[in-house]
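Both counts, for ligands and for their atoms, begin at 1 and track the order of listing. Only heavy atoms go into these numbers, but all of them, side chains included; no hydrogens, no water, no symmetry mates.
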Amino acid sequence: MSFTSNTGNAKITVPDIQQRKSQVASSPTNHKKIVCLTAYDYPTARLLDEAGVDVILVGDSLGMVVLGYDSTLPVTVDEMLHHTRAVRRGAHRALVVADMPYGSYHTDMAESLRNAMRFIKDAGAEAVKVEGGERRLELIARFSEAEIPVMAHVGLTPQSVNALGGYHVQGKTPVGAEQLLRDARAVEAAGAFAIVLEAIPRELAAQITKEVRIPTIGIGAGPDCDGQILVLSDMLGLTFGTTPKFSRQYAGVGEIISGAVREYCEDVRNTTFPSDAESYHTPQSGKNRKTISITG
Ligand code: KIV
């Protein structure tokens, strides 16, 4: 066990993320903003971790960007656990947060607590994320009491797609904005260590960020939040169809994959792959080589 505070490559903890709030506030451009991204598997988790991402969220966006569902609603606890384990194996420095899928914390408290604990005990997540504000007060308090750090998520909460009637920017009316302020205060009071603000006006996000003492992580919430998160597949150009206006695309990985695969198809069909150098050969004589090794 280490009692040192986090510098450099040390594992990022929940208290580290909480402390960033005051560091960001005292110097907004001092590189203390909390950098978060989603990941769903071992190799991308490793790449994100090694690139210096602070928080990796195993988001239930998994359902849409990896599993091909129409929404996040069908995602199961078992699917989330499977992917959280893979991400955890790749993340050595970043804090790993697991999204609790729809239905896993909406029935009774005991069941919700058991599900949350599976993410910590079985999958190695260091925190869980739940969607909803005021209505999750009791749940967040109970999880916190059970030593399960909770990241809250308010604004556009994709698990509410049916109740909201689609994926729309939230908090645009005075009543909506007031509700979001109440939501943010409620999750803070209940013990959440951070709060995701999704698809809300930047002015409202700035006000919430100023009012609450826990870090705000924005996605479509403007630049004044304490940190930012994007869905990895969107920012890498690895999704189909349109992406939200807030999702900046940093690479065209989908095109790179398509190009590479088209080239491979061509090489196989015109017999330029594999070459002789990429083939194994029968040993010239049994005297020198007893077995054919995988490398030579
Ligand atoms: O599931 C997810 O990826 C998320 C982020 C968009 C915050 O909840």
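Here His153 has side-chain heavy atoms under 4.0 Å from ligand 1, and that is the only part of it that gets that close.
Residues Thr272 and Asn270 have side chains that bring a donor and an acceptor to within less than 3.5 angstrom of each other. In this model, a donor atom of one side chain and an acceptor atom of the other lie less than 3.5 Å apart for Gln179 and Glu134. Side chains of Glu255 and Ser258: a donor-acceptor N/O pair is absent below 3.5 angstrom, by distance only. If you check the side chains of Asp276 and Ser279, you find no donor sitting under 3.5 Å from an acceptor.
Ranking protein heavy atoms by distance to atom 6 (C) of ligand 1, first place goes to Ile219 CD1, 3.5 Å. Protein heavy atom closest to atom 7 (C) of ligand 1, with residue, atom name and distance, is Leu57 CD2, 3.8 Å. Here the protein heavy atom with the shortest distance to atom 8 (O) of ligand 1 is Lys129 NZ, 3.0 Å. Ranking protein heavy atoms by distance to atom 2 (C) of ligand 1, first place goes to Ser61 OG, 3.3 Å.
Heavy-atom proximity to Asp99, at under 4.0 Å, picks out these atoms of ligand 1: 1 (O), 2 (C), 8 (O). With ligand atoms numbered from 1 in the order given, ligand 1 contributes 1 (O), 2 (C), 3 (O) to contacts under 4.0 Å with heavy atoms of Gly59. Against a heavy-atom cut-off of under 4.0 Å, Thr38 is close to the following atoms of ligand 1: 3 (O).
Taking a cutoff of 4.0 Å between a charged side-chain nitrogen and a carboxylate oxygen, Glu126 and Arg88 qualify as a salt bridge.
Contact annotation: the side chain of Thr216 approaches that of Val212 to within less than 4.5 Å [non-hydrogen atoms, C-beta and beyond].
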